[in-house]
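Written out below as structure tokens is the structure these notes cover.
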Amino acid sequence: MSEQEGELPDNDEEWREILTDEEYRILREAGTEPRFSSDLLDVEQSGVFTCAGCGAELFDSEEKFDSETGWPSFWDVYDEGTVETRLDESHGMRRTEVVCANCGGHLGHVFDDGPEPTGKRYCINGAALAFEPEER
């Protein structure tokens, strides 16, 4: 579900009302979906991937690639400032978490093993995203 340009929820109860259980677990509790479980892995058409929580445009299909990791992966963000990163030291690892800059929802992690031109791999939970196909 997406708030699309509206006001963001003020509390967890309001987030629970607009998100599915899986979206809430991932976006609000920094969960992870099982590998290869997202329908968005197979999206090959042109369009924009948006935040499932707030509708912010996060990734363009032109930057999507098959990382063979089991999660939708992108080599760049839609626009500078659409996501924020922070240190994640959970689960005994040191990673860079990616969150939606608009609503703060957990999206996934970014790694330095992606393709050129950025060398980045934004490894994103499909349940944290919605896909809006390009209108023809």
Side-chain angles (χ1 to χ4, degrees):
M1 172 101 190
S2 165
E3 281 293 281
Q4 285 286 0
E5 312 260 338
E7 290 185 31
L8 294 175
D10 290 324
N11 55 50
D12 280 345
E13 185 176 309
E14 290 180 9
W15 277 113
R16 285 185 188 277
E17 288 177 14
I18 67 164
L19 299 174
T20 67
D21 290 345
E22 180 76 347
E23 290 169 342
Y24 183 87
R25 187 179 68 75
I26 290 169
L27 288 163
R28 309 316 304 169
E29 297 178 332
T32 300
E33 67 194 6
R35 295 176 69 209
F36 299 103
S37 66
S38 175
D39 292 341
L40 297 181
L41 276 172
D42 299 325
V43 170
E44 294 182 8
Q45 64 194 115
S46 295
V48 176
F49 292 85
T50 62
C51 177
C54 70
E57 296 175 328
L58 302 174
F59 300 96
D60 189 293
S61 61
E62 296 296 315
E63 282 90 31
K64 185 176 183 288
F65 71 100
D66 183 3
S67 65
E68 299 180 3
T69 60
W71 290 279
S73 297
F74 306 86
W75 53 265
D76 204 359
V77 297
Y78 184 77
D79 226 349
E80 188 174 331
T82 58
V83 302
E84 295 176 350
T85 59
R86 54 178 78 140
L87 179 62
D88 175 5
E89 295 183 307
S90 64
H91 307 290
M93 295 180 272
R94 187 177 177 92
R95 301 175 290 175
T96 304
E97 179 185 15
V98 178
V99 299
C100 174
N102 187 52
C103 72
H106 170 80
L107 302 171
H109 294 86
V110 62
F111 303 94
D112 290 323
D113 61 0
E116 293 301 325
T118 64
K120 300 288 184 192
R121 173 174 53 97
Y122 289 86
C123 189
I124 307 299
N125 289 287
L129 301 172
F131 180 68
E132 294 182 8
E134 184 178 279
E135 293 182 20
R136 295 179 185 236

Answer yes or no: does atom CG of Asp21 have more than 12 heavy-atom neighbours from other residues, nucleotides or ligands under 6.0 Å? no
Whether the side chain of Arg121 engages the backbone of Pro115 through a donor-acceptor N/O pair (distance < 3.5 Å, no angle test) should be reported. no
Can you measure from CZ (Arg16) to CZ (Arg28) and round to the nearest 0.5 angstrom? 11.0 Å
Glu97 side chain to His106 backbone, donor-acceptor under 3.5 Å: no
Linked hydrophobic residues, Trp71 as query - side chain contacts closer than 4.5 Å: none
Neighbour count above 12 (heavy atom, 6.0 Å) for Asn11 CG: yes
Once you round to the nearest 0.5 Å, how far does CG of Leu107 lie from CG of Leu27? 6.5 Å
Quick one: list whatever passes side chain to side chain contact (heavy atoms under 4.5 Å, CB included) with Lys64, sequence neighbours left out. Phe49, Phe74
Arg25 (side chain) donor-acceptor with Thr32 (main chain) under 3.5 angstrom: yes
Assess whether atom CD of Glu29 is packed by more than 12 heavy atoms of other residues, nucleotides or ligands within 6.0 Å. yes
Geometric class of the His109/Phe111 ring pair [parallel <30°, tilted 30-60°, perpendicular >60°]: tilted
Rounded to the nearest 0.5 Å, how far does NZ of Lys120 lie from CD of Glu63? 15.0 Å
What I'd like to find out is whether the side chain of Phe59 reaches to under 4.5 Å of the side chain of Val48, using heavy atoms alone. no
Got a donor-acceptor contact below 3.5 angstrom from the Glu14 side chain to the Asp10 backbone? yes
Can you tell me if Glu89 has over 12 outside heavy atoms packed within less than 6.0 Å of its CD? yes
Between the main-chain N or O of Thr96 and the side-chain N or O of Asp88, is there a donor-acceptor pair closer than 3.5 Å? no
Flag the pair Cys51 / Asn102 as yes when at least one side-chain heavy-atom distance between them is below 4.5 Å, and no otherwise. no
Does Asp66 have any side chain to side chain contact (heavy atoms under 4.5 Å, CB included) partners at least two apart in sequence or in another chain, and if so, which? Glu68
Which heavy atom of Cys123 sits nearest to which heavy atom of Thr69, and what is that distance? SG-OG1, 4.0 Å
Can you establish whether the number of heavy atoms outside Arg94 located under 6.0 Å from its atom CZ is more than 12? no
To the nearest 0.5 Å, tell me how far Leu58 CG sits from Tyr78 OH. 10.5 Å
Using 0.5 Å steps for rounding, measure from the CD1 atom of Ile26 to the CG atom of Leu129. 9.5 Å
Going from OG on Ser61 to CG on Leu40, what distance comes out if it is rounded to the nearest 0.5 angstrom? 11.5 Å
